[in-house]
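Here is the structure we will look at.
The shown structure was predicted, so the numbers you read here are calculated from the model rather than taken from an experiment. Every heavy atom of this structure was used, including side-chain atoms; hydrogens, water molecules and symmetry mates were not.
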Amino acid sequence: MRKETSIHGQWSSKLAFVLAATGSAVGLGNIWRFPYITGENGGGAFVLVYLMCILLIGLPVMIGEILLGRRGRQSPINTMTSLSHEEGLSRAWSLIGWLGVAAAFMILSFYSVIAGWSLSYVFRTAGGVFTGLDVDGVRGVFEGLVSDPERLLAWHTVFMVMNVLVVARGVRSGLEQAVKFLMPALLGLLLVLVIYAVSIGHFAEGMRFLFAPDFGKINGEVVLMAMGQAFFTLSLGMGAIMIYGSYLSSRASIMRTSATVVSADTLVAVLAGVAIFPIVFASGLQPDEGPGLIFVTLPMAFSGMPGGVIFGTLFFILLVMAAWTSSISLMEPAVAWLVENRDMERVKASVLVGLVAWILGIGTVLSFNLWSSPIGFHLDLGGEEPVFIGGTIFSMMDYLTSNVLLPLGGLFIALFVGWRMTRRSVQDELGVGMGLLFQGWYLVLRFLAPVGILLVFLNAVNLI
């Protein structure tokens with residue numbers, strides 16, 4: 001008989017799951033990456049393609065990943081092992097779970113370091129450190145932070161401890177209570193910043209940039225960039241959505257809750273752009289500043305505005321909250337596996353996962369200072385010059401997870417649900433019958449989503 005609940009517990013309501021899954025999806029990718037990628041790729045044209053990719057690839061794969069999690073009711077590794085056995089398939093399909101847990105663990109290790117930057121900026125902004133500085137001065141503050149391994153290690157430690165304290169308390173007392181507070185607070189802060197952006201006089205200019213598409217800027221590279229952002233922003237392929245799905249009530253509609261999560265995640269990303277671009281234009285800055293938009297450009301913009309210290313501080317608190325709700329979901333798959341397979345108490349499992357991720361994160365800390373010189377080798381591919389393969393520890397882990405492990409995980413999820421599970425098993429878990437809704441989703445998951453993910457993957461590894 002199929003298990004109705006996980007041994008780790010269950011969300012108290014569908015709303016709790018929506019908040020948790022949205023918290024997992026909403027992170028630095030929404031608040032930090034989406035605005036600068038939009039700025040670099042033509043504004044409204046990119047947003048339009050991004051929204052289409054969310055609908056046609058992100059949502060179908062999320063439904064598939066939640067379906068697997070709820071059907072297995074275990075950690076991603078054990079879920080894929082048991083479902084492979086149930087469907088009479090090779091145990092090799094458990095690789096989906098291993099890929100997800102490995103990716104989540106590595107991402108957690110460097111995510112904690114980057115989130116530590118945000119945490120330090122809360123105090124720097126509140127203390128007026130950026131007030132009156134020009135762009136070189138603000139960049140100097142940032143470079144001073146990342147070049148100091150001891151300070152980076154301290155903020156990395158604080159943020160990892162924050163994660164352990166939440167995850168150790170379990171599903172309802174830890175994860176659920178955290179997201180019930182953090183997600184409404186995050187949305188509230190974002191709306192406050194949107195109102196602030198409206199008040200500074202360049203709101204119309206920001207909205208034209210964000211929502212008026214210039215179709216001449218849509219090319220293959222923009223489409224692939226949008227597809228990659230749509231996929232990665234939803235936390236797909238890293239086991240987080242699967243483990244959260246295992247705590248979902250069997251009475252909840254997977255399709256409706258998935259649509260709600262995707263809508264909320266997309267709303268946060270778009271609102272971040274609505275809040276950020278008017279501030280950028282009001283300061284006479286360029287929207288295509290790249291990754292430095294958040295840690296260099298925005299602090300300078302806030303420093304020259306009325307109330308800039310207050311609203312700048314609120315912005316970085318928002319960034320920390322978004323990172324926190326994502327990172328606890330990255331820790332959960334490994335913790336759940338230790339509890340299930342090593343009969344370990346949750347507190348001990350959480351401390352162990354946090355400690356190992358913290359140690360691994362030291363490599364990222366040092367990648368910005370003492371170990372900043374790239375490591376690797378040159379490969380002669382017959383061109384004019386040999387190709388360098390390698391980088392810093394941070395850049396290699398970032399590349400491996402974002403460009404290899406996550407796309408492969410998402411691709412295998414689509415293939416497993418769409419081609420290897422029986423249609424009866426899929427329908428039984430979704431509970432939507434054979435209507436048009438199911439047929440449309442099933443068609444997209446089987447054909448369109450795998451092709452789209454494969455294109456992102458091949459482009460990321462420079463094969464197309």
Side-chain angles (χ1 to χ4, degrees), residues 1-6 8-26 51 53-74 76 79-80 82-83 86-87 171-172 175-176 179-180 183-184 187 230-231 233-268 325 329 332 410 413-414 416-418 420-446 448-449:
M1 184 177 177
R2 184 160 303 283
K3 290 180 286 187
E4 290 294 320
T5 59
S6 164
H8 308 287
Q10 180 173 295
W11 306 116
S12 63
S13 64
K14 185 179 78 171
L15 176 61
F17 168 76
V18 168
L19 290 174
T22 303
S24 174
V26 171
L51 293 176
C53 292
I54 284 281
L55 180 64
L56 297 177
I57 295 178
L59 178 58
V61 175
M62 174 169 278
I63 291 171
E65 186 163 352
I66 294 173
L67 181 154
L68 291 176
R70 191 170 73 175
R71 195 160 183 84
R73 296 290 189 192
Q74 300 170 83
T79 280
M80 293 313 305
S82 63
L83 291 184
E86 179 182 300
E87 299 290 335
V171 177
R172 288 203 182 184
L175 300 172
E176 183 172 321
V179 297
K180 275 186 173 181
M183 287 310 298
L187 185 59
F231 183 76
T233 190
L234 294 175
S235 294
L236 300 175
M238 61 181 71
I241 294 298
M242 192 182 296
I243 192 68
Y244 276 11
S246 73
Y247 306 148
L248 180 63
S249 166
S250 57
R251 296 187 300 275
S253 167
I254 291 177
M255 284 193 164
R256 281 199 296 269
T257 50
S258 297
T260 303
V261 170
V262 168
S263 299
D265 176 75
T266 306
L267 176 64
V268 169
T325 56
S329 73
E332 182 64 15
I413 287 169
F416 186 85
V417 177
R420 304 306 291 153
M421 286 182 75
T422 64
R423 187 175 294 215
R424 171 177 286 185
S425 296
V426 175
Q427 285 181 284
D428 175 58
E429 199 59 48
L430 287 180
V432 293
M434 285 287 291
L436 188 62
L437 181 63
F438 173 81
Q439 296 290 355
W441 166 77
Y442 203 51
L443 186 68
V444 169
L445 187 74
R446 284 165 62 90
L448 184 59

Distance-only, no hydrogens or angles: does the R70 side chain make a donor-acceptor pair with backbone N or O of I254 under 3.5 Å? no

Which heavy atom of A25 sits nearest a heavy atom of S235, and at what distance? CA-OG, 3.5 Å

Heavy-atom side-chain contact between L445 and V417 under 4.5 Å: yes

Considering residues at least two apart in sequence or located in another chain, which fulfil the salt bridge (charged side-chain N to carboxylate O under 4.0 Å, His left out) criterion with E332? R346

With sequence neighbours left out, what residues match E87 under side-chain hydrogen bond (donor to acceptor under 3.5 Å, both in side chains)? S425

Would you say the side chain of Y247 lies within less than 4.5 Å of the side chain of F17, judging by non-hydrogen atoms? no

Output for pair (L68 CG, M80 CE), nearest 0.5 Å, gives 5.0 Å

State whether the side chain of R73 and the backbone N or O of S246 hold a donor-acceptor pair below 3.5 Å, judged by distance alone. yes

Contact check, side chains of R71 and M421, non-hydrogen atoms, under 4.5 Å: yes

List the residues meeting side chain to side chain contact (heavy atoms under 4.5 Å, CB included) with T22, not counting sequence neighbours, and say none if there are none. V18, V26, M183, V261, A264

Sorted by first residue and then second, give each side chain to side chain donor-acceptor pair (under 3.5 Å) pair with at least one member in residues 249-259; sequence neighbours left out. E4-S250

Angle between ring planes, Y442 versus F438, binned at 30° and 60°: parallel, tilted or perpendicular? parallel

The reported gap from CG in D265 to CG in L234 (rounded to nearest 0.5 angstrom) is 5.0 Å

Qualifying residues under salt bridge (charged side-chain N to carboxylate O under 4.0 Å, His left out), relative to K14, sequence neighbours excluded: none

With rounding to the nearest 0.5 angstrom, report the CD1 to OG1 distance, I243 to T79. 6.5 Å

Residues which pass side-chain hydrogen bond (donor to acceptor under 3.5 Å, both in side chains) with S13, listed by chain and number, not counting sequence neighbours: none

May I have the step-by-step check of side chain to side chain contact (heavy atoms under 4.5 Å, CB included) for F416 and L83, ending in yes or no? CA-CA 10 Å; F416 186 85; L83 291 184; 4.3 Å; yes

How long is the gap from OG1 on T260 to CG on L267, to the nearest 0.5 Å? 12.0 Å

Drop me the distance from S329's OG to L175's CG, to the nearest 0.5 angstrom. 9.0 Å

For residues 56-67, which side-chain N or O atoms pair as donor and acceptor with protein atoms under 3.5 Å away, sequence neighbours left out?
unit_1, atom_1, unit_2, atom_2, d
E65, OE1, G237, N, 3.1
E65, OE2, M242, N, 3.3

Side chain to side chain contact (heavy atoms under 4.5 Å, CB included) filter on L437, not counting sequence neighbours, yields M255

If you take all heavy atoms of I241 and S24, which pair is closest and at what distance? CD1-OG, 4.2 Å

What is the distance from atom CG of L248 to atom OG of S6, rounded to the nearest 0.5 Å? 11.5 Å

Looking only at non-hydrogen atoms, find the nearest pair between R172 and E176 and report the distance. O-CB, 3.5 Å

For Q74, all residues meeting side-chain hydrogen bond (donor to acceptor under 3.5 Å, both in side chains), sequence neighbours excluded: S82

